[in-house]
J.: 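Okay, handing you the structure first.
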Amino acid sequence: MADPFDIDEALQPAHEPPTAPAPPVAEGDEPPYLASLNPEQREAVLTTEGPLLVLAGAGTGKTRVLTTRLAHILAARLAWPGQILAVTFTNKAAQEMRQRIRALIGDMVEGLGWLGTFHSIGLKFLQRHAEAAGLSSGFSVLDDDDQLRLLKQVMAAANVDEKRFPARQLAALIDSWKNRGLIPEQVPDADAITADGINAQKLYAAYQQRLQQLNAVDFGDLLVKPLQLLRGDAFLLNEYRRRFRYIMVDEYQDTNVAQYLLLRLLAGEDGNICCVGDDDQSIYGWRGAQVENILRFPKEFAGAKIIRLVRNYRSTAHILGAANGLIAHNRARLGKELISGLGDGEPVLIRPCRDDLEEARTITDDIEALLRAGERLNEVAVLVRASFQMRSIEERLIATGLPYRVIGGPRFYERQEIRDALAYLKVVHSPDHDLAFERIINVPKRGIGKASLAKLHEFARNRGVSLYRAAELLTESENALKPKLRNTLRVLINAFERWRREMQQLSPAELAGLVLDESGYIEMWQAERSVQAQGRLENLKELIRSLEEFETLGGFLEHVALVMDADALAEDDKITLMTMHAAKGLEFGHVFLPGWEEGLFPHQRALDDAGEAGLEEERRLAYVALTRAKRRAVISFAASRMVHGLWQNNLPSRFLEELPKAHVRVDDTGHAFFGWAMKDGGLRDTGGDVPGFDTAEDVEPVIIDPAREQAPAPQPPAPERKGFATPTSPAPTSRPAQPASSRATSAPAPPTATEDPRIASARRLLAASRATPPRAATAGAAPVFRKGERVRHRQFGEGTVLEADGNKLTIAFDAIGEKRIMASFVERA
DNA sequence: GAACGTATCTTTTTT
DNA sequence: AGATACGTTC
């Protein structure tokens, strides 16, 4: 094991400033990196001593301040690179910081060994102090898939019925404890037992024990274990306090309790800690983040200086005005208003749509127009609340032939074939990785089923060895196993031994190729002649390609554990499609924000789980999303969309009404009938009921077949989505001249070729609304309900109608109380 | 032990 | 709707 204290790195002349590579800073002669900063930014950079909180609104040059400040500390010879702890929220942010610092100070950046996410820094710390943490070197970090499997085993061993208490739920609970820095013994009694009477605290303890046996840690342990170590060892703590002369934290509003405690511990009473964040952009409460951390910073760090950055250099005044007005509805905030350094620009556009298909269509129509106007696709983003929304948009983008990339979606490393491949590599790298071994022991099929596996497990348990070792031992004895099984295992073990030997000679990429080939894994997918299998093979190739960047297999596996995402490089000219969460910190000329509907955004779960606080977090998310836009933002909502295979009707998001009138414009091109229009220059519900069903007075009724109407237009099959590859689509120039929108619609009264597609869709909608009652697409006429009637809802159960206002009912549900529901969602009980 | 069928849940966001 | 989990049958 490495010398835990790493004297050469930590204790370089901490007491005298470094002398070597720093450029001289002459008196009165300002270093060039300060020149382009505004006064507040400059103050933040130059305030190096003592606690400092920088409240940096969206687009106010936060990253610039952080990187310049760090460079300044080095240039002014206040510390060596190894004495700076710099924490970012994502790996991407860490990389970006590294690059920007390199641009300022050159190769000295290499010495910044403690720049990274909390988790990667926690891992580094644990690797240095593995033994103290009860681990041996080379311990593995479980991904959440492994974690879940392990939890299931633990629950099975404790005889807990997974139906009563799903493993996922336990995982979430344990995670929340770890986010608070709690080891099993510290779990408060009040939290230990679930509503069902299951002792979750005991399960947590058993889980930790199993982890230890496996010489593994999970994600949360990367925070909790360092915290425990530092708390329990004053000497160790002191060493690290002395080492980290300067601490910098990005996205401070997103830190959780464990992270806060860690910082508090390392910074000590009088540390030089600088936290940068924005309380209005705190969007990870569901993951344990505490906005309170930022709100009470001044109290926790006595004598803290606070600097506010509010000059925004990103968005036009209309966009900022809309965002400022929206976030002003929040109560829990420090309060600030961004000031635009740019012109007015265009108002935020609000666009009502009939359904998600039409919504997707209007987005691609707009993007095509942008393209014709010479805009670069790199400047265009579609930001969604939930990843399932991506599907209809992706399909539409593919149909239109617009190139795009997905960031965030289903993660590359979460794909089945990738996990299988990784499991093989993990076993090659560390044979005792039971979870990995279990995953692939019968993939491809080798005839090792449940019974054989159980035998291995039993043997391993009795002997106190790993599964792999158990297999090895059992094949060595003559009669322990049936000949067939014994032979199969022998072949498998031999193969692993061989691959392990090859590990010395081959590069990780070559080794991976060999393993996947010889194991029969690639063959397994080749044998399956489906389109899907084709995609999986592609992904495996991609995996091998990405392995080429790594020197060692161990290095790669570590990288994968920490960076579940293989980020797409934003170099080629493509539209970006991602979740709002993933978009934090980014900016685009044109931003499309679909799905602003009650239930989806704000998300019902957020409201149910956290009430008013949940609503405020959703509002902050809306704020984050809006402030991504530099020049133009288009918000849309769909009256109905397909969710879980059923059509669901939605009301427009309350956030729409919270946007100040002066900064928005409603797109009423053929949509005034939605009941949404500009009144007095603002967005108002004009009294229309369920959007789309009230006002069509002057249009010829046309009977249509709802099923056909809803059927998607014929489209090429969607290619397998990849984390860092993107679907290959024709370049924009090679697309047909005809706008794609006109071919994808199958209107009952076909529009002429020249007709605006939006008008065409309006025409169809009007026709549909006259011809069929609401919810025609799903279940026929919605019955009319009266006060006092008993009704049943799919999700909420039975209840009594308190009030009936057309389609909107107020219902007192027996189980959950009062709710406003649209009539089409309930049936007579 | 594997293949097929049925039942059940899912989708909020991620280091 | 689609994936997964579990049970039944061959």
Side-chain angles (χ1 to χ4, degrees), chain A residues 87-94 116-123 141-145 147-148 152 161-163 166-169 171-172 175 178-179 218-223 250-251 254-256 258-259 282-289 383-392 407-411 413-416 442 444-454 482 484-485 488 532 560-565 567 578-584 595 599-610 614 617-618 620-622 624-625 641-648 710 712 718 795:
Chain A
V87 196
T88 60
F89 192 63
T90 64
N91 291 289
K92 209 164 76 187
T117 62
F118 273 104
H119 292 87
S120 64
I121 285 166
L123 175 62
V141 182
L142 298 192
D143 60 37
D144 43 322
D145 201 48
Q147 184 193 15
L148 205 62
K152 282 180 182 169
D161 185 2
E162 247 240 72
K163 286 210 178 80
R168 286 193 175 282
Q169 213 169 306
D175 205 46
K178 289 190 172 177
N179 283 336
D218 68 11
F219 241 76
D221 285 339
L222 297 178
L223 300 178
D250 193 10
E251 308 281 12
D254 288 325
T255 51
N256 60 34
Q259 291 163 338
S282 165
I283 55 176
Y284 285 98
W286 51 274
R287 208 172 81 187
L383 311 181
V384 297
R385 175 61 183 84
S387 39
F388 78 87
Q389 291 173 263
M390 289 184 183
R391 221 189 81 194
S392 56
I407 295 186
R411 310 308 209 69
Y413 291 117
E414 281 172 15
R415 293 165 181 287
Q416 184 193 336
N442 201 30
K445 300 249 185 296
R446 300 188 172 91
I448 303 174
K450 248 200 224 153
S452 311
L453 191 59
K482 287 188 187 140
K484 194 176 150 222
L485 176 60
T488 310
Q532 269 200 331
V560 173
L562 289 175
V563 189
M564 284 300 283
D565 199 14
D567 278 320
M578 61 181 152
T579 63
M580 295 173 175
H581 282 86
K584 192 160 76 154
L600 178 57
F601 193 40
H603 200 281
Q604 193 58 47
R605 267 287 279 276
L607 267 37
D608 292 347
D609 291 352
E617 179 153 313
E618 294 286 289
R620 289 193 292 270
L621 186 55
V624 168
R641 71 171 66 235
M642 185 79 107
V643 182
H644 299 170
L646 291 170
W647 284 97
Q648 193 182 303
Q710 295 296 357
Q795 193 187 345

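In what follows, chains are A, B, ... by sequence order, proteins preceding strands, each numbered from 1.
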J.: Report the residue (Leu485(A) or Ala606(A)) whose heavy-atom-nearest nucleotide on DNA chain B is the more 5′ of the two.
T.: Leu485(A)

J.: Verify the contact: side-chain N or O of Ser452(A) to OP1 or OP2 of dG1(B), cut-off strictly under 4.0 Å; return yes or no.
T.: yes

J.: Measuring to OP1 and OP2 of dT15(B), would you say a side-chain N or O of Ser120(A) lies under 4.0 angstrom away?
T.: no

J.: Rounded off to whole Å, could you give me the CD-to-P distance for the Glu251(A) and dT15(B) pair?
T.: 12 Å

J.: Round to the nearest Å and state the distance from Met580(A) atom CE to dT13(B) atom P.
T.: 12 Å

J.: Nearest whole angstrom, please: distance from the P of dA3(C) to the CG of Asp145(A).
T.: 16 Å

J.: Tell me if a side-chain donor or acceptor on His603(A) pairs with a main-chain N or O of Arg605(A) at a distance below 3.5 Å.
T.: yes

J.: For the side chain of Asn442(A), starting at C-beta, report the closest nucleotide among dT14(B), dT11(B), dA2(B).
T.: dA2(B)

J.: When you check the phosphate oxygens OP1 and OP2 of dT15(B), does a side-chain N or O of Lys178(A) lie under 4.0 Å from one of them?
T.: no

J.: Figure out the CZ/P separation between Arg168(A) and dT4(C), and round it to whole Å.
T.: 10 Å

J.: Phe89(A) vs Tyr284(A) aromatic rings, parallel, tilted or perpendicular, using cut-offs 30° and 60°?
T.: tilted

J.: Taking the same atom, P, in dT13(B) and in dT4(C), what whole-Å distance lies between them?
T.: 16 Å

J.: Using modelled atom types and a 3.5 Å cut-off, is there a donor and acceptor pairing between side-chain atoms of Asn442(A) and backbone atoms of Lys445(A)?
T.: no

J.: Nearest to the side chain of Ala451(A), heavy atoms from C-beta on, is which of dG1(B), dT11(B), dT13(B)?
T.: dG1(B)

J.: Identify whether a stacking contact exists between Phe219(A) and dT15(B), where the ring centres must be under 5.5 Å apart and the planes under 30° apart.
T.: no

J.: Contact class for Tyr284(A) vs. all strands (heavy atom < 4.0 Å): base, sugar-phosphate, or nothing?
T.: sugar-phosphate

J.: Identify which nucleotide among dT13(B), dA3(B), dT11(B) has an atom closest to any side-chain atom of Lys445(A), counting heavy atoms from C-beta outward.
T.: dA3(B)

J.: Hey, does the side chain of Asn256(A) come within less than 4.0 Å of dT15(B)'s phosphate (OP1/OP2), counting only N and O?
T.: no

J.: Does either side chain, that of Gln147(A) or that of Asp143(A), offer a donor lying less than 3.5 Å from an acceptor on the other one?
T.: no

J.: Run the salt bridge (charged side-chain N to carboxylate O under 4.0 Å, His left out) check on Asp175(A) and Arg287(A) step by step: do they pass?
T.: CA-CA 8 Å; Asp175(A) 205 46; Arg287(A) 208 172 81 187; over 6 Å; no

J.: Starting at the 5' end of DNA chain B and moving along, which residue's nearest nucleotide shows up first, Arg446(A) or Asp609(A)?
T.: Arg446(A)

J.: Using a 4.0 Å heavy-atom cut-off across all strands, classify Phe89(A) as base, sugar-phosphate, or nothing.
T.: sugar-phosphate

J.: Measure CZ/Arg391(A) against C1'/dT10(B) and give the value in whole Å, please.
T.: 13 Å

J.: dC6(C) P sits how many Å from Lys152(A) NZ, rounded?
T.: 7 Å

J.: What nucleotide, of dT14(B), dT15(B), dT11(B), holds the atom closest to the side chain of His644(A)?
T.: dT11(B)

J.: Look at the side chain of Arg620(A) and the backbone N and O of Ser282(A), then say whether any donor-acceptor pair between them is shorter than 3.5 Å.
T.: yes

J.: Between Asp218(A) (CG) and dT15(B) (C1'), how many Å, whole number?
T.: 12 Å

J.: Could you state the CH2-P distance from Trp286(A) to dT15(B), rounded to the nearest angstrom?
T.: 8 Å

